[in-house]
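Just below is one structure, and these are the notes that go with it.
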Amino acid sequence: MDAVSYPDTGVIDFISNHVIPLRVQSDSEPLATDFNVKWTPTIVTLDSEGTEHHRSVGFLAPAELIPCMLLGVAKVYFDADRFEKALLNLEKIVSDYSTSDSAPEAIYLRGVNLYKSTQDPKPLKEAYEKLEQDYPGSEWAKRAYPYRLL
Amino acid sequence: MADSIQWETTMEAAMERARSEDKAIMLDFFNPG
């Protein structure tokens with residue numbers, strides 16, 4: 001991460017503007033125990049009260065790190081029922097990082113996010129259809145499979 | 001734009017900034033090698 005991703009100007013710009021970056025050694029206590037850290041790099045997305053909402057273990061290239069962080073931020077908002085803010089971050093992944101590993105989960109969560117904010121089940125079916133079309137066989141296409149019936 | 005990431009080093013400082021700036025925290029556990 002120090003050699004490739006963190007020096008990347010796009011990553012620096014994204015992190016500087018969208019999250020509060022906090023860095024500690026993997027043996028730093030009590031955080032290492034509190035967050036059950038067993039391997040590095042481990043990147044955890046937290047809300048302002050220190051509650052975990054998303055986690056990534058292992059190296060992420062810049063093209064994966066940014067959408068991974070967008071997904072983490074979206075989950076912070078989603079879990080707080082701040083659906084409009086969650087949607088902004090999810091849409092960014094879908095539009096700008098569609099080839100990233102975070103994209104299928106973002107499409108799934110976008111459907112759930114829209115359903116929870118409107119009570120209209122149509123976005124769930126649309127999420128399934130997009131996943132089946134663009135990411136067939138992905139974990140998230142499988143998880144959305146029941147929504148084909150809506 | 002900063003030429004490097006300006007990391008906070010304590011949870012307390014990060015939480016205080018997260019509240020005041022309404023942002024999430026990116027907590028990176030690293031191995032100093």
Side-chain angles (χ1 to χ4, degrees), chain A residues 1-2 5-28 30-32 34-57 60 65 68-77 79-80 82 85 89, chain B:
Chain A
M1 300 297 286
D2 286 317
S5 297
Y6 290 149
D8 181 89
T9 55
V11 169
I12 294 169
D13 184 53
F14 174 83
I15 289 176
S16 300
N17 288 297
H18 293 87
V19 295
I20 306 299
L22 167 62
R23 197 169 207 212
V24 299
Q25 290 189 191
S26 57
D27 59 356
S28 175
L31 292 175
D34 288 348
F35 288 97
N36 195 29
V37 174
K38 302 297 183 187
W39 193 243
T40 60
T42 291
I43 299 172
V44 188
T45 309
L46 315 172
D47 63 28
S48 61
E49 301 308 309
T51 300
E52 176 175 347
H53 294 265
H54 184 64
R55 172 178 296 226
S56 171
V57 178
L60 291 170
L65 176 58
C68 178
M69 289 310 306
L70 284 165
L71 185 58
V73 173
K75 288 182 178 180
V76 169
Y77 288 125
D79 291 343
R82 296 175 68 181
K85 297 277 277 187
N89 289 277
Chain B
M1 189 183 86
D3 58 5
S4 63
I5 298 170
Q6 305 300 302
W7 298 98
E8 296 292 345
T9 57
T10 69
M11 179 66 92
E12 293 74 18
M15 289 172 63
E16 186 174 327
R17 279 190 60 200
R19 289 190 199 103
S20 67
E21 298 178 32
D22 190 24
K23 290 180 179 174
I25 298 167
M26 171 187 176
L27 170 54
D28 175 30
F29 288 94
F30 75 103
N31 183 342

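Residue numbers begin at 1 in each chain, while the letters A, B, ... track the order of the sequences.
Residue contact with chain B, scored on non-hydrogen atoms closer than 4.5 Å, involves the side chain of Val37(A) exclusively. For a residue to count as touching a neighbouring chain, one of its non-hydrogen atoms must lie under 4.5 Å from one of that chain's; by this rule Thr10(B) touches chain A with the backbone only. At a 4.5 Å heavy-atom cutoff, the contact between Gln6(B) and chain A is made by backbone atoms alone. Contact of Val24(A) with chain B is made through backbone and side chain together, with heavy-atom distances under 4.5 Å. In this structure, chain B has heavy atoms under 4.5 Å from both the backbone and the side chain of Glu49(A). Heavy atoms closer than 4.5 Å to chain B are found nowhere in Pro7(A), neither backbone nor side chain. Looking at His53(A), neither its backbone nor its side chain comes within 4.5 Å of chain B, counting heavy atoms on both sides.
No other option in Val73(A), Val76(A), Thr40(A) has as many heavy-atom pairs under 4.5 Å with chain B as Thr40(A). Contact count against chain A (heavy-atom pairs under 4.5 Å) is highest for Ala24(B) among Ala24(B), Ala18(B), Ser4(B).
Note that CE of Met1(A) and CD1 of Ile5(B) are 8.0 Å apart. Values are rounded to the nearest 0.5 Å. Annotation: the span from Leu46(A) atom CG to Leu27(B) atom CG amounts to 5.5 Å, rounded to 0.5 Å. How far CZ of Phe35(A) is from CE of Met11(B): 4.0 Å, rounded to the nearest 0.5 Å. Distance check, rounded to the nearest 0.5 Å: OG1 of Thr9(B) to CZ of Arg23(A) gives 12.0 Å.
The number of heavy-atom neighbours closer than 6.0 Å to CD of Glu21(B), taken from other residues, nucleotides and ligands shown, is above 12.
Summarising the geometry of Met15(B) relative to Gly50(A), their closest heavy-atom pair is CE-N, 4.1 Å, with the distance given to 0.1 Å. Across Lys23(B) and Ser16(A), no two heavy atoms sit closer than the pair NZ-O, 3.9 Å.
Tyr6(A) is listed as a side-chain neighbour of Trp7(B), based on a closest heavy-atom distance under 4.5 Å. Residues Asp28(B) and Pro41(A) form a side-chain contact, since some pair of their non-hydrogen atoms from C-beta on lies under 4.5 Å apart.
Exactly one of Thr42(A), Val57(A), Leu22(A) qualifies for a side-chain contact (heavy atoms from CB on, under 4.5 Å) with Phe29(B). That residue is Thr42(A).
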